[in-house]
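Please read the structure below before turning to the comments.
Bear in mind that the values here come from a model prediction, so they are computed numbers and not experimental data. Lettering of chains follows the sequences in order, A, B, ..., and the numbering in each one begins at 1.
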Amino acid sequence: MNKTLNRRDFIKIMNATTGVAIVASGITLTTFASVSEIPVTNKKRWGLLINTNKLTETDIDGMINACKQEQGWGTEIHSTASQKPAWIKKLKVKDKATNKVSSLALMCQHCEEPPCVDVCPTNASMKREDGIVLVDKHLCIGCRYCMMACPYDARSFVHETLNNQKEHMPRGKGTVEACTMCVHKVDKDETPACVESVNSEAVIFGNLYDESSQINRTLRVIQSSQIRADLNLNTGVRYSGI
Amino acid sequence: MSNIRFEQIEGKSLGFYTLIIGLGILILAALGSVYYVEHYGHFVTGMNNRIVWGMPHVFALFLIVAASGALNLASIYSVFNKKLYKPLSRLSGLVALSLLAGGLMVLVLDLGRIDRLIVAMTEYNFKSIFAWNIILYNGFFVVVAIYLWMMFERRMNKFSHKVGLVAFSWRLILTTGTGSIFGFLVARQAYDAVIMAPMFVIMSFSFGLASFILILMASYKWTNRPLGDIIVNRLRNLLGVFVAAVMYFVAVYHLGNLYLAENTGIENFILFDGGIYTKLFWYGQIILGGIVPIGLIYHPITKGDRSMLGLSSVLIIIGGFVQLYVIIIGGQAYPMELFPGKEVLEGYGDIAQYLVSLPEIFLGIGGIALAMIIVTFLVKFLAFLPESLEDDLADSYHKG
């Protein structure tokens, strides 16, 4: 061993190497980081308003397909029907008194007080400041307690190995997933894929807090409801017509 | 009191090695199943997006619940100062630790991402009952290990009552935590009930004691050590009381639920028209796991028969598995009430189907095998079992 390499030199070299490594990894990370420079704040609360009087069954099918296309789910080959993911579901409900039948799209309701986030042991289930509820796929251990806790049956567990995933939506066998409200699009000031697919006032997306937004203005004048409002979760997804 | 002689078992017989090999094979089968499920994904199991917790969770929760219950025998001596139980206290601690290890093995090996266990150990969400349970389970190992040390080490004996009190409190909190995993699930009609926590505590008394009795009787029989009637009868009476208490809690839970209109759907499902779940509830949980054992324990003809006590314990354990199956699987199979006042025609609202798969069963049995192999090995290497539990000795402990 070179005699001149004493302890101090060794530490210097190590520091320099570590420094380069940190900077290099930083460069790599920023290369792939989100394009949006604006930090997510709680000044916004993203939400959806689904008007079941205007929403047709074809619309809902279109929403489901758009979600599949955008996020890359639904091509699982081994999973049974009840094991396949379902980020959005089409539901038909009948009022017991009036017999009125409504069709609606059910997905993660992006609760303000999400039970999935409360129960998740590893903080993998989390809510962004702007109200979007997500699963951190790197922290999810696949315990499925969030699925037990979700009042909307909105979450799916990946039951098999996946191929050809979307770059913006890494999914993983053995982890839990759900509607992300197309956060990758929302962060680029775009609208969620399902909303785009409907392209009518049957589904409105926007900032619930912004008084000039269409969703805020509409919610003020029409009667709307939250599913399982009794649980007091203050959902980001609202419905009218049911 | 000083005349209790704890001694290791010889552990050189053919029976001993056959037992170890048999249990080892079961553990290997479990590990093979885990590899299979992890390699292919959970689609090879019967679990799905509606029945997210399946047979592994039935086994895991049974073992975890029974673990805390098995510690009761030690607690009765240390906390309530009933000296008759002193000779049983070491085995009680050992059975508790072993059952918990088996239960946790099953729980952990069913995770979607077992490789991320380190995440579960380092990332804690303190609002999560699950995270609390991780702390409670790990803490239980530490507390009971210290408790055993206090019992084994003569100069530490004087602390065993205090540590025993800590262990007893810890086990009560632990089972409360396990029951609360379900009790705090507000969205699900089958679970949203605070009574789940004390019900799990009392279930642990019953399942834990039944498991303990079987292990005690088997180890004394197989090692030809004397086991007198005084202790056996005492355990029998205790078991009868615990089984009756479980049935009382089950009755209160269901009656309470029936009273609430929002829960009548799930109650009708479990009690009357739930097909397999209704059958399991009445025939498995109530009759086989409750009424028959109580009859065997208290009926004058079967009362004194030791093999009938063994049979009762087996039935209680089977009934316990059935009870957890009905709670866990039945509770998920019935759909959640998404739209009160409305009927869901399509898309949700059907009874979820679950067909248990072999890998799930192998994994669960592997958990039991792990618990048993730990007990078998440790009674060979450490002095857990009193050399004799004969009546005159037991009587002298009792009086002493």
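Salt-bridge check for K96(A) with E343(B): failed, with every basic side-chain N at 4.0 Å or more from each acidic carboxylate O. Salt-bridge annotation for E177(A) and R155(A): absent, with no side-chain N of the basic residue lying under 4.0 Å from a carboxylate O of the acidic one. With respect to the salt-bridge test (charged N to carboxylate O, under 4.0 angstrom), the residues E337(B) and R188(B) do not qualify. A salt bridge does not link E346(B) with K90(A): none of the charged nitrogens is closer than 4.0 Å to a carboxylate oxygen.
Only the side chain of L231(A) comes within less than 4.5 Å of a heavy atom in chain B; its backbone stays farther off. Only the side chain of F339(B) comes within contact range of chain A, judged by heavy atoms closer than 4.5 Å. With a threshold of 4.5 angstrom between heavy atoms, K94(A) approaches chain B through its backbone and through its side chain. When heavy atoms are compared at a cutoff of 4.5 Å, I242(A) approaches chain B by way of both its backbone and its side chain. Neither the backbone nor the side chain of I60(A) comes within less than 4.5 Å of any heavy atom in chain B. There is no contact between F126(B) and chain A, counting heavy-atom distances below 4.5 Å. Residue contact with chain A, scored on non-hydrogen atoms closer than 4.5 Å, involves the backbone and the side chain of I181(B) alike.
For the options E160(A), K100(A), K173(A), heavy-atom pairs under 4.5 Å to chain B are most numerous at K173(A). Residue with the most contacts toward chain B among D153(A), T161(A), D95(A), V101(A): D153(A) (heavy-atom pairs, distance under 4.5 Å). The greatest number of non-hydrogen atom pairs below 4.5 Å with chain A, out of D110(B), I134(B), I51(B), N133(B), is found for D110(B). Among Q353(B), R50(B), K342(B), the residue with the largest count of heavy-atom pairs under 4.5 Å with chain A is K342(B). Counting heavy-atom pairs closer than 4.5 Å to chain A, the top-ranked of the candidates M336(B), H57(B), R116(B), K127(B) is R116(B).
Ring geometry, H254(B) versus F281(B): the interplanar angle exceeds 60°, so the pair is classed perpendicular (tilted spans 30 to 60°). The aromatic rings of Y35(B) and H39(B) lie parallel to each other, their planes meeting at an angle below 30°, with 60° marking the opposite boundary.
Nearest heavy atoms, S103(A) versus L55(A): O-CD2, 4.3 Å.
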